Participant: 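Attaching a single structure in structure tokens format; questions to follow.
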Protein chains: 2
Amino acid sequence: MPPKKKGNGQKPTIRTVSEHAGVSVATVSRVLNAPLSVKEERRNRVLESMKFLNYSPDPVARALCTHRVRVAAIAVPNIVNPCLAEVIRGVIETLEHKGFDVLIFDSNQSIERERMFIEVLHNKIIDGVIIAAISTKELNYSELAAKTSVVVIDHPEAGHEVDLLYADDRGGMQRLVDHLISLGHRKIGFLSGTFNSMGGVRRTESFKLAMQSAGLETSPEDIVECEWNLYGGAKGITAFLSRKTFPTAFISASDLIAIGALGAAYSMGFRIPRDFSITGFDHAPWSEFSIPPLTTLEYPNYRIGKEAAECLLRRVDSPQAPRIVKKLDLPVMIRKSTGPCSLG
Amino acid sequence: MPPKKKGNGQKPTIRTVSEHAGVSVATVSRVLNAPLSVKEERRNRVLESMKFLNYSPDPVARALCTHRVRVAAIAVPNIVNPCLAEVIRGVIETLEHKGFDVLIFDSNQSIERERMFIEVLHNKIIDGVIIAAISTKELNYSELAAKTSVVVIDHPEAGHEVDLLYADDRGGMQRLVDHLISLGHRKIGFLSGTFNSMGGVRRTESFKLAMQSAGLETSPEDIVECEWNLYGGAKGITAFLSRKTFPTAFISASDLIAIGALGAAYSMGFRIPRDFSITGFDHAPWSEFSIPPLTTLEYPNYRIGKEAAECLLRRVDSPQAPRIVKKLDLPVMIRKSTGPCSLG
DNA sequence: TTGAAAGCGCTAACAT
DNA sequence: ATGTTAGCGCTTTCAA
């Protein structure tokens with residue numbers, strides 16, 4: 001195959017443009033990157049040639065020089081979870097605004113895959129990565145952080161090499177417990193997420209602490225482990241309700257778990273909040289339309305994504321900037337799934 | 001130690017490795033791309049040098065030569081919709097298996113943004129793109145298809161330049177109508193998606209045709225336009241139920257709409273399927289846990305993503321392969337939200 | 001303000 | 001089987 005001959009069929013390059021406009025490639029490059037440094041007359045000529053040839057610069061070649069690709073990655077445990085989807089949307093919309101694209105990684109709850117992501121991310125064409133709500137605690141981000149910018153969502157102990165953004169689970173849990181107590185509940189059950197995930201462990205711990213600081217007892221059977229989805233919630237509440245006695249209120253580790261619990265309880269003939277109360281935790285977009293509408297926390301999923309993205313952008317621009325660690329507040333959002341205790 | 005110019009601190013390149021191993025860069029490149037073409041002894045030496053130097057090839061430089069980046073894009077109207085999320089998951093898992101990453105674009109239902117995507121995709125570092133369930137009919141893919149591989153999901157008339165994959169909405173709708181008729185229903189309402197989206201228009205058309213071929217009348221007031229989410233369904237069913245008379249059964253254009261309708265109907269005091277029947281359409285992962293569990297179609301979201309990805313892979317490998325057009329079957333999945341007609 | 005030319009890190013055609 | 005070298009398309013000194 002004879003090397004390159006210009007003008008025929010091929011995608012135009014910066015050289016094609018420079019020849020068509022009768023200037024050097026450097027000048028074309030300048031009108032691309034620093035237009036004002038080129039005299040107006042020539043600049044216009046170049047611009048016209050570009051338009052005429054339907055030219056657009058090759059992002060790969062550009063990246064080879066600049067070492068910037070304007071691509072970020074986000075890794076999540078479950079893209080089907082609408083809470084996480086809202087985080088992703090927050091990330092996408094913020095980054096897109098700055099001309100960044102986003103690569104998506106979904107571990108589908110597999111710790112194995114999470115580990116693989118960290119490994120594989122090293123060789124990806126990206127400027128930075130956001131790691132959200134990952135299950136395992138043992139992930140080591142430091143090596144990755146040495147190569148690229150990383151911000152970690154919802155993993156407060158991720159290490160000092162990365163920017164951190166997390167919601168105040170502990171405080172939110174306390175508000176939920178206090179809300180239930182103010183309604184007269186004393187015996188409160190917890191529908192936890194799986195214990196092999198950090199979220200499950202952390203929220204369970206928060207629950208225990210919140211109960212403790214409210215002066216309430218928690219015994220092991222007050223906590224039931226559930227998968228992080230509707231099915232898990234349905235199964236979890238069924239376990240509780242098939243005992244001879246059970247709590248008058250339940251806090252769920254996620255809205256999805258709560259909504260599943262609501263459905264199962266309903267089909268077992270219970271009515272909520274008449275028979276008992278249930279809360280969610282992370283504010284799924286559906287929770288407003290569950291039966292009945294779910295009391296939960298004002299978990300700012302979209303905003304979390306947005307702030308994480310801003311954080312990443314900042315770090316990409318100035319890798320030496322001081323580290324960010326931000327905790328977000330979690331007010332309670334009272335709806336209809338919680339009500340006065342039916343006992344005493 | 002590599003006693004060349006600057007062997008320190010810098011990220012190792014193929015040249016660093018070649019010097020360390022005492023071979024040419026070509027040999028190093030070969031052990032990367034065609035290991036068997038290098039004699040075992042040298043190959044091992046190179047491999048060891050790579051390990052020792054902690055070398056990994058720069059994907060950008062590689063892409064510059066090969067014109068392949070192993071990145072695909074997927075564009076969807078709403079990432080928060082779990083049906084679409086499952087499509088995305090199908091795409092991701094299939095492509096990841098082949099070493100491809102996926103860029104995500106979410107239009108958040110904005111036709112404006114959909115248009116922008118098509119525009120902007122031209123200059124992205126990608127090998128191909130999957131466009132799913134996009135709202136507007138007027139998108140012109142041909143220019144894009146000239147530059148990159150594109151497969152379009154759920155847009156049967158997207159043009160002959162692209163591979164097509166779509167569900168048999170018309171057939172599925174017929175099965176839903178027939179199911180309802182077999183339960184004694186004669187007056188059926190339709191909770192449509194928005195008419196400014198192709199999906200809304202197409203499913204409404206399918207509904208009318210299905211009714212017609214079942215010998216049933218459809219009048220304009222049997223069709224109510226809803227936003228594609230729970231709120232839309234709640235609003236839509238409320239519009240129906242506040243009339244003096246209304247249908248004995250409803251088909252929704254999506255599961256989300258149906259679940260919203262269920263919630264609203266419930267809170268207005270209706271019981272389903274005692275008072276009337278409701279169906280969904282696109283098999284959201286939640287629909288099994290709605291109250292009551294939703295009758296819907298076996299819409300194979302994950303598989304759609306998977307097949308679209310396979311289709312894209314195939315086209316990326318051989319751009320000249322014959323065009324694929326595939327229609328997927330939609331069996332009905334009967335659960336508890338439909339029951340016998342309560343009237344005569 | 002502009003142009004010439006040296007890379008960026010890798011692949012592949014051509015030689016040996 | 002292995003080495004040499006010419007690019008891939010762009011940015012960026014350095015001179016002019």
Side-chain angles (χ1 to χ4, degrees), chain A residues 1-7 10-47 49-50 53-70 122-125 127 147, chain B residues 2 4-7 10-47 49-50 53-70 122-125 127 147:
Chain A
M1 189 116 101
K4 42 106 218 270
K5 193 71 182 154
K6 53 229 157 171
Q10 299 291 34
K11 189 186 181 228
T13 74
I14 198 172
R15 154 145 259 119
T16 328
V17 175
S18 77
E19 284 166 2
H20 185 265
V23 300
S24 73
V25 296
T27 301
V28 179
S29 177
R30 285 191 190 97
V31 350
L32 250 19
N33 300 295
L36 272 52
S37 73
V38 177
K39 264 232 300 250
E40 182 164 2
E41 186 267 333
R42 317 194 107 214
R43 193 198 322 154
N44 288 142
R45 228 168 58 225
V46 172
L47 256 12
S49 294
M50 296 212 269
L53 296 166
N54 192 22
Y55 167 81
S56 62
D58 180 336
V60 177
R62 176 174 272 180
L64 186 59
C65 303
T66 59
H67 293 284
R68 296 278 236 82
V69 285
R70 302 194 84 75
H122 282 102
N123 302 326
K124 295 306 181 187
I125 315 185
D127 297 320
K147 283 205 195 183
Chain B
K4 239 14 180 200
K5 311 172 178 188
K6 40 173 181 178
Q10 298 290 36
K11 192 191 179 222
T13 74
I14 196 171
R15 154 144 260 119
T16 329
V17 175
S18 77
E19 283 166 2
H20 180 96
V23 300
S24 73
V25 294
T27 300
V28 178
S29 177
R30 283 191 192 100
V31 349
L32 249 20
N33 301 295
L36 272 53
S37 74
V38 177
K39 259 229 303 251
E40 183 165 358
E41 186 268 332
R42 317 195 106 213
R43 194 198 320 154
N44 288 143
R45 225 165 64 223
V46 172
L47 256 12
S49 294
M50 296 212 263
L53 296 166
N54 192 21
Y55 167 81
S56 61
D58 181 335
V60 176
R62 178 175 268 178
L64 187 59
C65 303
T66 59
H67 293 283
R68 298 278 236 77
V69 284
R70 301 193 85 75
H122 283 101
N123 303 326
K124 294 308 180 185
I125 315 185
D127 297 320
K147 283 205 196 183

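Keep in mind it's a predicted model, so treat the numbers as computed, not measured. Residue numbers begin at 1 in each chain, while the letters A, B, ... track the order of the sequences.
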Participant: Compute the bend angle of the helix from dT1(C)-dA16(D) to dT16(C)-dA1(D) from the end axes (five pairs per end), rounded to 10°.
Facilitator: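 Rounded value for the end-axis angle: 30°.
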Participant: Can you tell me if Lys39(A) has over 12 outside heavy atoms packed within less than 6.0 Å of its NZ?
Facilitator: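 Check fails, neighbour count at 12 or below.
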Participant: Quick one: label Val38(A) by what it contacts on the DNA or RNA (base, sugar-phosphate, nothing), any heavy atom closer than 4.0 Å.
Facilitator: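 Val38(A): backbone/sugar contact only, no base atoms under 4.0 Å.
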Participant: Rounded to whole Å, how long is the line connecting atom CZ of Arg43(A) with atom C1' of dT2(C)?
Facilitator: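 Checked: the CZ to C1' distance equals 14 Å.
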Participant: Check every strand shown and say whether Arg42(A) touches a base, only sugar-phosphate, or nothing at a heavy-atom separation below 4.0 Å.
Facilitator: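 The residue Arg42(A) makes sugar-phosphate contact but no base contact.
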Participant: Measure across Val31(B) and Arg43(B) and return the closest heavy-atom pair with its distance rounded to 0.1 Å.
Facilitator: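 So the minimum-distance heavy-atom pair works out to CB-CG, 4.0 Å.
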Participant: Would one find a side-chain N or O of Ser29(B) under 4.0 angstrom from OP1 or OP2 of dC10(C)?
Facilitator: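 It does not, given that no N or O in the side chain of Ser29(B) lies less than 4.0 Å from OP1 or OP2 of dC10(C).
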Participant: Would you kindly give the CZ-to-C1' distance between Arg15(B) and dT11(C), to the nearest whole Å?
Facilitator: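 Distance, rounded to whole Å: 14 Å.
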Participant: Which part of the nucleic acid, if any, lies within reach of Thr13(B) when heavy atoms closer than 4.0 Å are counted: base, sugar-phosphate only, or nothing?
Facilitator: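 The residue Thr13(B) makes sugar-phosphate contact but no base contact.
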Participant: Say whether, by atom type as modelled, one donor and one acceptor occur between the side chain of Arg45(B) and the main chain of Ala21(B) under 3.5 angstrom.
Facilitator: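 A pair under 3.5 Å: yes.
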Participant: Rounded to the nearest Å, what distance is computed from the CZ atom of residue Arg62(B) to the P atom of nucleotide dC10(C)?
Facilitator: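 After rounding, the reported distance stands at 8 Å.
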Participant: CG of Leu53(A) versus P of dG9(D): gap in Å, rounded?
Facilitator: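 One finds 14 Å between P of dG9(D) and CG of Leu53(A), rounded.
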Participant: On a heavy-atom basis, which atom in Leu32(B) and which in Tyr55(B) lie closest, and how many Å separate them?
Facilitator: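 The answer is CD2-OH, 3.9 Å.
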Participant: Nearest to the side chain of Thr27(A), which nucleotide is it out of dC10(D), dT4(D), dG3(C)?
Facilitator: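 Nearest nucleotide to the side chain: dG3(C).
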Participant: I want to confirm an ordering. Mapping Ser37(A) and Ala26(A) to their closest nucleotides on DNA chain C, which one lands closer to the 5' end?
Facilitator: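 On the 5' side of the pair lies Ser37(A).
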Participant: Which is more 5' along DNA chain D, the nucleotide nearest His67(B) or the one nearest Ser24(B)? Just name the residue.
Facilitator: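 Nearer the 5' end of the strand: Ser24(B).
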Participant: Tell me if a side-chain donor or acceptor on Arg30(A) pairs with a main-chain N or O of Ser37(A) at a distance below 3.5 Å.
Facilitator: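 No; judged by distance alone, with no hydrogens or angles, the pair does not exist.
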Participant: If you check every side-chain atom of Cys65(A), which of dG7(C), dG3(C), dT2(D) has the closest atom?
Facilitator: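 Nucleotide nearest to Cys65(A)'s side chain: dG7(C).
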Participant: Using a 4.0 Å heavy-atom cut-off across all strands, classify Val60(A) as base, sugar-phosphate, or nothing.
Facilitator: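 The answer is nothing, as Val60(A) stays clear of every strand by at least 4.0 Å.
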Participant: Roughly how far apart are Ser56(A) OG and Lys11(A) NZ, rounded to 0.5 Å?
Facilitator: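 Nearest 0.5 Å value for the OG-NZ distance: 4.5 Å.
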Participant: Report, as yes or no, whether the 6.0 Å neighbourhood of atom CD on Glu40(B) holds more than 12 heavy atoms from other residues, nucleotides or ligands.
Facilitator: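 Counting other residues, nucleotides and ligands, CD of Glu40(B) stays at 12 neighbours or fewer.
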Participant: Side-chain N or O of Thr66(B) versus OP1/OP2 of dT11(C): is the shortest distance under 4.0 Å?
Facilitator: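 No, Thr66(B) has no side-chain N/O under 4.0 Å of OP1/OP2 on dT11(C).
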Participant: Give a yes or no on whether Arg15(B) atom CZ has more than 12 heavy-atom contacts from other residues, nucleotides or ligands under 6.0 Å away.
Facilitator: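 Result for CZ/Arg15(B): open.
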Participant: Please give, in whole Å, the distance from dT11(D) P to Leu64(B) CG?
Facilitator: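 Interatomic distance, CG of Leu64(B) to P of dT11(D): 12 Å.
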Participant: Check the distance between dC8(D)'s P and Ile125(B)'s CD1 and give it to me in whole angstrom.
Facilitator: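 Taking CD1 of Ile125(B) and P of dC8(D), I get 19 Å after rounding.
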Participant: How close or far is atom P of dT1(C) from atom CG of Asn44(A), stated in whole angstroms?
Facilitator: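 About 15 Å, once rounded to whole Å.
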Participant: Find the distance Glu19(B):CD to dT4(D):P and express it as a whole number of Å.
Facilitator: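 Glu19(B) atom CD is separated from dT4(D) atom P by 12 Å.
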